[in-house]
**Student:** 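Have a look at the structure that comes next, please.
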Amino acid sequence: GCGKTAAPTTTTPVSTPSATTIDKMTISSAGSTALQPLVKLAAEDFMTKNAGVQVNLSGGGSMTGLTNVASGAIDIGNSDVFVTDELKDKGLIDHQVCVAPFLLITNKDVAIDNLTKAQATDIFTGKITNWKEVGGKDAPIAIIGRAKSSGTRATIVKIVMDGKEFTDAAAAQDSTGNLLTGVAQTPGAIGYIDAAYLKDTVKALKYNGVAYSADAVASGQYPIYAYEHMYTKGEPTGTVKLFLDYVMSKEFQEKSVEKTGFLPISAMKK
Amino acid sequence: MKARQTDRLASVMLWVGAIAIIVLLVAFLGLILGRGLPYLTPDFFNGPDGVRGQLFNSFYLLALSLVFSLPVGVGAGIYMAEYAPQNKLTDLIRLSTESLATVPSIVFGLFGMIIFVNKLGLGFTILGGAATLALLNLPILVRVTEESLRAVPRSYREASLALGATMWQTLYRVILPTALPGLITGITLVAGRALGETAILIFTAGMNVSRILFDTNPLAAGETLAVHLFAAKSNPLPGTNADQIADGTAALLILMVIVFNICLTLPSRWLQYRLLGKNKG
Amino acid sequence: MPHSKSWVCFSDRLARYLFISSAVLVSLIILCIIWFVGMQGLSTFRDASVIEFFSSSKWSPDTGQFGALTFIVGSIGTTLIAILIGGPLGLAGAVFLAEIAPPWVRSVMRPATDLFAGIPSVVYGYVGLTVIVGLVRRYTDSSSGYGVLAAGIVLAIMILPTVISLSEDALRSLPATYKEASLALGATRWQTIRRVLVPAASPGILTAIILAMARAIGETMAVQMVIGNSPRFPGSLVSPTSTLTSNIVMEMGNTPYGSTWNNALFMMSFILLIIALIMIILVRTAVRKGAVR
Amino acid sequence: MDKIVVSNLDLFYGEQQALNNINLAMTEKSVTALIGPSGCGKSTFLRALNRMQDLIPNVKILGQVRIDGQDIYATNSDVVMLRKRVGMVFQNPNPFPKSIFENVAYGPRIHGETNKKKLNEIVETSLQGAVLWDEVKDRLHKSALGLSGGQQQRLCIARVLAVEPEILLMDEPTSALDPISTMKIEELISELKNKYTIIIVTHNMHQASRVSDRTAFFLNGELVEEDVTSILFTRPAKKKTEDYISGRFG
Amino acid sequence: MDKIVVSNLDLFYGEQQALNNINLAMTEKSVTALIGPSGCGKSTFLRALNRMQDLIPNVKILGQVRIDGQDIYATNSDVVMLRKRVGMVFQNPNPFPKSIFENVAYGPRIHGETNKKKLNEIVETSLQGAVLWDEVKDRLHKSALGLSGGQQQRLCIARVLAVEPEILLMDEPTSALDPISTMKIEELISELKNKYTIIIVTHNMHQASRVSDRTAFFLNGELVEEDVTSILFTRPAKKKTEDYISGRFG
Ligand SMILES: Nc1ncnc2c1ncn2[C@@H]1O[C@H](COP(=O)(O)OP(=O)(O)OP(=O)(O)O)[C@@H](O)[C@H]1O
Ligand SMILES: Nc1ncnc2c1ncn2[C@@H]1O[C@H](COP(=O)(O)OP(=O)(O)OP(=O)(O)O)[C@@H](O)[C@H]1O
Ligand SMILES: [Mg+2]
Ligand SMILES: [Mg+2]
Ligand SMILES: O=P([O-])([O-])[O-]
């Protein structure tokens, strides 16, 4: 599985008036760590609005979310990727809740601040191993990427590298946090993260000359982004539906999504 | 003379080695506490991203896992030390507990996830986490129990049995009380490991905290401090001060282990003192 | 009367059965785990070749290549480094505690080393990532600092308490007569330690080392943060590679349960279990040899 | 009257035979001393009389031990009951790490006595029986491990007396003690024999002649000779016995 | 000639005084026996002669021990060298868990002997000196722990002989042994005294009279009396000595 850029969306309408009511006091959600900030914020708001309701949240990775929602162990599976072939016939319903932009980042000592698609591809496939080949200092490039199973990595492979393989020489970190630490302290390091996680300990690069911004994504100038999904088994009902409705609500999408570094789904539909 | 010089040199080397170990420890503790202690304000516990829930969960999970593992672990340890005849079956039991002790915790984590989360369909729960954590505790408990019982002088056993006590009476009136300090040390070890465990809990107990303070529902998900630290390190959520949370949590964890050690060893020293009485002199 | 004779007999028998069933339960659990992890893992080989799994270092599950050699070598490599550093240092600490330390030093140092064991592995990993990786980068020609060396150093520190406490126990449990006999012959303290005490305690010390190895090879979180996690055969001690545990924890969450990829990760757990079992059996033969002598 | 009758007793530790066809009867309310060089099987024999040997794996016992006519190794024999009847005092004093009171009260407690007043009585009588009461009556609730070796050994005797056994087995009860404690315990034994059947192992021939009525001489797992103590020490029937008591070896 | 002269020796374990103003001289190439009831300080005295007491914390020693005129407790005295000159055999045989050969070769090795041929010679001579050679010459490289108790004790003697000491201290060397082993070791002692100054602790008065030239009687940390063995056992000067040897206590 891998993240797709623009998919024909079959999202449920944003605000269907319905008589849905709270039917259970605890719902659970697990999966993608990339999407976790957003779900966490939504859950907190939701719990404030509906006293007594508990939204259990867990990470574990996109596949953990998908498998567990498919088996019925949890109510909502969060994923960076589309449901896999194995789980296709389990009756999972996709709710695309936001757009996640991604950034190429480097250590602060790297002298350049832009990479073209071709340059980035050559670096990630291992063809270019010194920064001077892309106009920087004479220093070796240390790639710190994510694990083979990461949704972030899949997105980079798909959009930046057109499906070419990462060099095995790249070091990898299990999580965005450790990747950030690694890039921040390793001279000549390059990596990639969800835009939401950007910190000032590293430097974000322009891609094809375009700096990341919400507008650049919406207008299609900045192409590295993917849709984030929340899956349910069958059509959601009761509390689960209320929660998903809240995530898709105008209030949350407009006020809160961008705060967590994602883009509202509506931004792409303009 | 050569032997004399070697002796002196070796003493110096051993002192150096020991000092290196101590320096390493002090550096470790200093680093972690130095980074984290400044953040341990009341807000750190009670603020919006406060860790009071995680703190509670850590101890709740630990307590539950001990509830599961103590009886079985101590029971098995007693069997190995006091009853087990020397035969193939005993050998097999001993072999299996020893190998249980070396199972990587990630394997327990997977095992627990498939049993509790998937097969039993509980989802991520404190219960599942505690039960899986109990698997980690078990072999250590068996081993420690067996060793502390074996350290009880044979003569106590003989004296009691010779008075016409049954094995069980001998055990709970003489042997267990005498072995208690050793047992408590063992439990401290177990607790230290359990408090710091992450790999198991990420896959079984989940990564969020109940909003109800001190939620004792075992079917709720429960993030512990160690998992919280792991999460803060690996997903420094935007909008939170993840580094502070991580540093503070690490320091808090270490403090907890230290406090736990003191809380359990002091009473056991006192107990030993009580049991053995004052110096004979 | 609660203490009637039949009650005494009954409670004695009841206790006995409870203890036996606890012991049996413990063994059942481990058998369960082996069976379960083994079955799940072995089903990898419905789709992947056994020979490839153990002999190839090409790990590319999305293209159907399951070569786990890199991980096996990585695990063994980090463990060896950990033992090479932590073993002698820990043994020195144990000898120091058992034979040289003045009582007050021992009464401080022994609980302090036990405290090492209580530090969460995430914290070790964190210190490894922020300190040790940097040191390795500074003093070697590595560009990132990730690799077997950094992981080995972190593990060496983690296994210290195991080596120290078990070896010290082994040294302490030696009859005092060995030491007396040696000193009475005019041996120096070091000659006594090196020629009599350490050899006599060697089964116990070996147990300590092997249990420490088992702990090292099974450690996950700390290793995963400093090993670099590239599925590539380690070109040197300081180039990023992977271990069995680090790869399991990296990929487990993002591979669907039941897929060949996921099964292969279980197979790697199973290999870990097997390695642990082999080590235990090594310990037991070592101990038995020591007892027979 | 014969309290204990041992017939054709063989005992094996695994392959090794430690007792070889022992035949010996012990009279009620008398003291029998077992002497012999180290390793000859004295302790082994003693421990066969209250089945303490059951605790050691791979022990094989043949022959019979009858107490009041009943074979203690019969399948329906109750070993817990047996040990209540046959008390034992060990070579090294082995009080429990409990208070003096709790040490003596231990036996009555496990045999079901819960009445506090009754326990107090038993403890006092037993300590008096072991000639220890006056020395410890003010520190009953202090740890027993704080007593001197000789006091500890008398405490162990009191602890046995508290369960009111019929037979007392003593395995070198004074070998770890100083001369004064030794004398006290020897006096105690002389008193106790009015109520109990006593069997005592000793490596000290003087002690044997001081305290015992009859003496049995063991050598290499065999009973060489048994007789009235004064006769055995002055006119032994066997050459081996004479060699041993005249100090030719041992 | 006096090999060892002890003057005004006091020894304290912490607060407790274990030796009280001991004055004793031991003649070269003779056997001195130390007797006395358990706990009287025999072992303590013996271990003061090769400074084994140094290993025990909180031991305080006053007075002097002179060997060949030199005070072994002088600050410039070399304890390692001292122990090479003053060999010790312990109550319980304590061979190292090594082969028979390695046990005997241990001493020479630590004192710097590396020549294989020389070592072979030393091992053979020492084992012959301890009358063990014939019994073990075919199994030199087997573990010493496989030997019987008596053989182990002779091995320990051989191990001491291999470092060629001048003085031999023996602390109840036969108390854990069977009569036959005991006899062998007693014979050995009689032979060894032609070359060594021997001091032997024993609880067995017969043994003392069999092997020793002079005997010293200790009681409660004091030296009561010391004399030619035959005189001490037949015409003791002190009442306490007479009480003890006539078996009045102990
Ligand atoms: N648990 C045991 N396993 C094997 N052999 C044993 C055991 N206990 C004793 N023996 C052997 O049985 C024999 C008799 O031992 P026992 O202890 O009865 O001698 P003893 O006469 O009491 O000697 P001592 O005077 O030294 O106490 C000895 O050869 C001893 O080595
Ligand atoms: N390490 C020690 N610490 C404190 N007191 C000790 C120590 N060793 C011996 N003692 C005490 O010193 C006194 C003399 O002991 P020592 O061992 O010399 O007696 P002994 O004559 O050899 O007795 P035995 O015949 O039982 O071996 C005893 O009261 C003993 O309790
Ligand atoms: Mg005995
Ligand atoms: Mg002694
Ligand atoms: O969102 P991730 O799958 O890259 O963790």
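A, B, ... follow the sequence lines: proteins, then strands. Residue 1 opens every chain. Values in this document were obtained by computation on a predicted structure and should not be read as measured data.
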**Student:** Working to the nearest 0.5 Å, report the span between CZ of B/F111 and CD of C/Q40.
**Tutor:** 11.5 Å

**Student:** Could you tell me which portion of C/I20 (side chain, backbone, both or neither) has an atom closer than 4.5 angstrom to a non-hydrogen atom of chain B?
**Tutor:** both

**Student:** Measuring from atom SG of C/C9 to atom CH2 of B/W168, what distance do you get when rounded to the nearest 0.5 angstrom?
**Tutor:** 15.0 Å

**Student:** Of the non-hydrogen atoms in C/L89 and B/G17, which two are nearest, and what is the gap between them?
**Tutor:** CD1-O, 4.0 Å

**Student:** Using a 4.5 angstrom heavy-atom cutoff, name the option from B/V107, B/I21, B/N261, B/L171 with the most pairs to chain C.
**Tutor:** B/I21

**Student:** If the plane angle is over 60° it's perpendicular, under 30° parallel, otherwise tilted; pick one for C/F19 and B/Y83.
**Tutor:** tilted

**Student:** With respect to chain C, which residue among B/V72, B/D7, B/V257, B/L95 yields the maximal number of heavy-atom pairs within a distance under 4.5 Å?
**Tutor:** B/D7

**Student:** Working to the nearest 0.5 angstrom, can you tell me the gap between C/I119 CD1 and B/I32 CD1?
**Tutor:** 5.0 Å

**Student:** Within this structure, what is the CD-CD1 distance for the pair C/Q224 and B/I106, rounded to the nearest 0.5 Å?
**Tutor:** 9.0 Å

**Student:** Quick check on the structure: residues of residues 191-198 of chain B within a heavy-atom distance below 4.5 Å of chain C, by number.
**Tutor:** B/G192, B/R193, B/G196, B/T198

**Student:** Using side-chain heavy atoms (C-beta onward) and a distance below 4.5 Å, is C/M109 in contact with B/L25?
**Tutor:** no

**Student:** If you count heavy-atom pairs under 4.5 Å with chain B, which of C/D12, C/V122, C/T188 comes out on top?
**Tutor:** C/D12

**Student:** Report the distance from atom CD of B/Q5 to atom CH2 of C/W190, rounding to the nearest 0.5 Å.
**Tutor:** 15.5 Å

**Student:** Looking only at heavy atoms and a cut-off of under 4.5 Å, which of C/T130, C/L244, C/D169, C/L28 has the most pairs with chain B?
**Tutor:** C/T130

**Student:** Does atom CZ (C/R13) have a neighbourhood of more than 12 heavy atoms from anything else shown, all under 6.0 Å?
**Tutor:** no

**Student:** Can you tell which of B/I114, B/V74, B/L138, B/L29 has the highest number of heavy-atom pairs within less than 4.5 Å of chain C?
**Tutor:** B/I114

**Student:** Provide the closest heavy-atom pair for C/A92 versus B/L14 in the form atom of the first, atom of the second, distance.
**Tutor:** O-CD2, 3.6 Å

**Student:** Just so I understand: if I count every heavy-atom pair under 4.5 Å between each of C/S21, C/A23, C/A117, C/G218 and chain B, which residue has the most?
**Tutor:** C/A23

**Student:** Name the orientation class of the two ring planes belonging to B/F28 and C/Y124 (parallel below 30°, tilted from 30 to 60°, perpendicular beyond 60°).
**Tutor:** tilted

**Student:** Among B/T97, B/I22, B/L110, B/I115, who wins on heavy-atom pairs under 4.5 Å with chain C?
**Tutor:** B/L110

**Student:** Between B/I93 and chain C, with a heavy-atom cut-off of 4.5 Å, which part of the residue counts as in contact: side chain, backbone, both or neither?
**Tutor:** both

**Student:** With side-chain hydrogen bond (donor to acceptor under 3.5 Å, both in side chains) as the criterion, how do B/S11 and C/R189 come out once you've worked through the C-alpha distance, each side chain's angles and the decisive distance to 0.1 Å?
**Tutor:** CA-CA 9 Å; B/S11 292; C/R189 181 163 69 178; 3.3 Å; yes

